[in-house]
J.: 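So that we are looking at the same thing, I have put the structure below in structure tokens.
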Amino acid sequence: MNEYVAEVIGTAILILFGGGVVANVSLKKSLAEGAGWIVIALGWGLGVAMAVYAVGQFSGAHLNPAVTLGLAFNNDFEWVKVPGYVAAQIVGAFIGATLVWLHFLPHWKVTPDQGAKLGVFSTGPAIPHYFSNLMSEIIGTFILVVGILFIGANEFTEGLNPFIVGMLIVAIGLSLGGTTGYAINPARDLGPRIAHFVLPISGKGTSNWGYSWIPILGPVLGGSFGGLFYRYIFAGEYDVLFWVVLAAIVVCLLGAYSIDKKNTSKQKHLAA
């Protein structure tokens, strides 16, 4: 199988399981309605494991632009392939989200909560605060990429690695996911958000594009720095890009903080 096609299929499988478990828990009249956060975290983790089992032999099963960038910065992946992988992942995520929409077709109409519908497709903050939201996505994705590299440095029984990676996703979701819904994957958020925007979902409301840059920029920065951090600290290979990406993280966080201050000032002015 072509590696780019494998990334499309693998990411579609990931979103089918991941978006599916959120729909199962969130949409009205689903038999799993209200099952809770632990079920969602397990569903995402097992979905990742299944997707990696499906296409790992063909493409390495990155399924995530942040992982692709992290591996490239760690010199484990060819830079020339990065754009193709990223495009394939976004397409796969869109396909997976469309399959979720079709699977739960009668449930959209009976679910009045627009936020719950959007949450099936893309992430959003528990408390809107750009600085904190961006920081959460950076930290979560940093841990994801470094964790994958930790796992790769150890020997496991043949065929166990995808399951261990899935458990890493579960751990991130249970420990760090409650702040922003742990996108930790630009394609996972952008592809389904586009699907939410274009699909005829009954009473869907806005796609919240104003927040959409957080689950793109945060994972890109966190994943890139994760690859450089592992390469520098654990492998002992210095690269000036370590400091360049770290500086970019600081600048972006300061920018987010500045936006928060302006928004707070504007709200106080309107309240007055």
J.: Applying side chain to side chain donor-acceptor pair (under 3.5 Å) to T180 and N133, what does each step give before you reach the verdict?
T.: CA-CA 6 Å; T180 61; N133 304 152; over 6 Å; no
J.: Calculate, to the nearest 0.5 Å, the distance between atoms CG and CG belonging to L241 and L228 respectively.
T.: 6.0 Å
J.: Taking all non-hydrogen atoms of both residues into account, name the closest pair between I249 and I138 and its distance.
T.: CG2-CD1, 3.9 Å
J.: Side-chain heavy atoms under 4.5 angstrom apart, residues restricted to Ile, Leu, Val, Met, Phe, Trp, Tyr: same cluster for F225 and L254?
T.: no
J.: Would you say F229 and L246 make side-chain contact, with heavy atoms under 4.5 Å?
T.: no
J.: For the residue pair R188 and W44, establish whether any side-chain heavy-atom pair is separated by less than 4.5 Å.
T.: yes
J.: Could you grab the distance from atom CZ of R193 to atom CD1 of I90, nearest 0.5 Å is fine?
T.: 13.0 Å
J.: For the atom pair CG (L42) and CZ (F17), what is the distance rounded to the nearest 0.5 Å?
T.: 13.5 Å
J.: Which value, rounded to the nearest 0.5 Å, describes the distance between I233 atom CD1 and Y238 atom OH?
T.: 11.0 Å
J.: Is there a side-chain contact between L144 and N64, using heavy atoms and a 4.5 Å cut-off?
T.: yes
J.: Any chance you could pull the hydrophobic cluster mates of V251, using side-chain heavy atoms under 4.5 angstrom and chaining through other members?
T.: none
J.: Same cluster or not: are L118 and Y211 linked, directly or through other Ile, Leu, Val, Met, Phe, Trp or Tyr residues, by side-chain heavy atoms under 4.5 angstrom apart?
T.: no
J.: Less than 4.5 Å apart, side chain to side chain, heavy atoms only: is that true for W101 and W108?
T.: yes
J.: Take I9 and F58 through the test side-chain contact (heavy atoms from CB on, under 4.5 Å) and record every step on the way to the result.
T.: CA-CA 11 Å; I9 293 173; F58 303 108; over 6 Å; no
J.: If you count every heavy atom of other residues, nucleotides or ligands that lies below 6.0 Å from I38 atom CD1, does the total exceed 12?
T.: no
J.: What I'd like to find out is whether the side chain of S207 reaches to under 4.5 Å of the side chain of F121, using heavy atoms alone.
T.: no
J.: If you take all heavy atoms of P65 and Q89, which pair is closest and at what distance?
T.: N-OE1, 2.9 Å
J.: Show your working on side-chain contact (heavy atoms from CB on, under 4.5 Å) between F104 and N24 and close with a plain yes or no.
T.: CA-CA 8 Å; F104 289 91; N24 228 8; 3.6 Å; yes
J.: Determine the minimum heavy-atom distance between A116 and T111, stating which atoms define it.
T.: CB-CG2, 4.5 Å
J.: So, K28 side chain and D113 main chain: donor-acceptor pair closer than 3.5 Å or not?
T.: no
J.: Distance check, rounded to the nearest 0.5 Å: F94 atom CZ versus L199 atom CG?
T.: 5.5 Å
J.: Stepwise, does the side-chain contact (heavy atoms from CB on, under 4.5 Å) test hold for T68 with F77?
T.: CA-CA 7 Å; T68 298; F77 189 68; 3.6 Å; yes
J.: Going by heavy atoms in the side chains, are S132 and I127 under 4.5 Å from each other?
T.: no
J.: Just wondering, more than 12 heavy atoms not from F163 lying within 6.0 Å of its CZ?
T.: no
J.: Any idea how F234 and Y230 line up, ring-wise: parallel (<30°), tilted (30 to 60°), or perpendicular (>60°)?
T.: parallel
J.: Mind running ring-ring contact (aromatic ring centres under 6.0 Å, His included) on Y257 and Y130 for me, showing each step along the way?
T.: CA-CA 7 Å; Y257 179 76; Y130 286 143; over 10 Å; no
J.: Take L14 and V52, measure what side-chain contact (heavy atoms from CB on, under 4.5 Å) needs, and give me the verdict at the end.
T.: CA-CA 9 Å; L14 163 65; V52 176; over 6 Å; no
J.: Verify the neighbour count for atom CZ of F197: are there more than 12 heavy atoms of other residues, nucleotides or ligands below 6.0 Å?
T.: no
J.: If Ile, Leu, Val, Met, Phe, Trp and Tyr residues are connected whenever their side-chain heavy atoms lie under 4.5 Å apart, and connections chain through other members, are I15 and L102 in the same group?
T.: yes
J.: Would you indicate whether the side-chain heavy atoms of P186 and V220 approach each other to under 4.5 Å?
T.: yes
J.: Return yes if some donor-acceptor pair links the side-chain N/O of D189 with the main-chain N/O of A183 below 3.5 Å, else return no.
T.: no
J.: When rounded to the nearest 0.5 angstrom, what is the spacing between CZ in F142 and CD1 in I184?
T.: 13.5 Å
J.: Could you report the tightest heavy-atom contact between G226 and L149, atom names first, then the distance?
T.: O-CD1, 4.3 Å
J.: Any chance CH2 of W243 has more than 12 other-residue heavy atoms, nucleotides or ligands included, within less than 6.0 Å?
T.: no
J.: May I ask you to decide if K117's main-chain N or O and K204's side chain share a donor-acceptor pair within less than 3.5 Å?
T.: no
J.: Side-chain heavy atoms under 4.5 angstrom apart, residues restricted to Ile, Leu, Val, Met, Phe, Trp, Tyr: same cluster for M167 and W37?
T.: yes
J.: Could you check whether any side-chain heavy atom of Y53 comes within less than 4.5 Å of a side-chain heavy atom of I13, counting everything from C-beta outward?
T.: no
J.: Say whether L105 and I201 are linked into one hydrophobic cluster, either directly or through other cluster members, by side-chain heavy-atom distances under 4.5 angstrom.
T.: yes
J.: Locate the shortest heavy-atom distance separating L63 from N185; write the atom from each residue and the value.
T.: O-ND2, 3.0 Å
J.: Where do N74 and R231 come nearest, in terms of heavy atoms and distance?
T.: OD1-CB, 3.1 Å
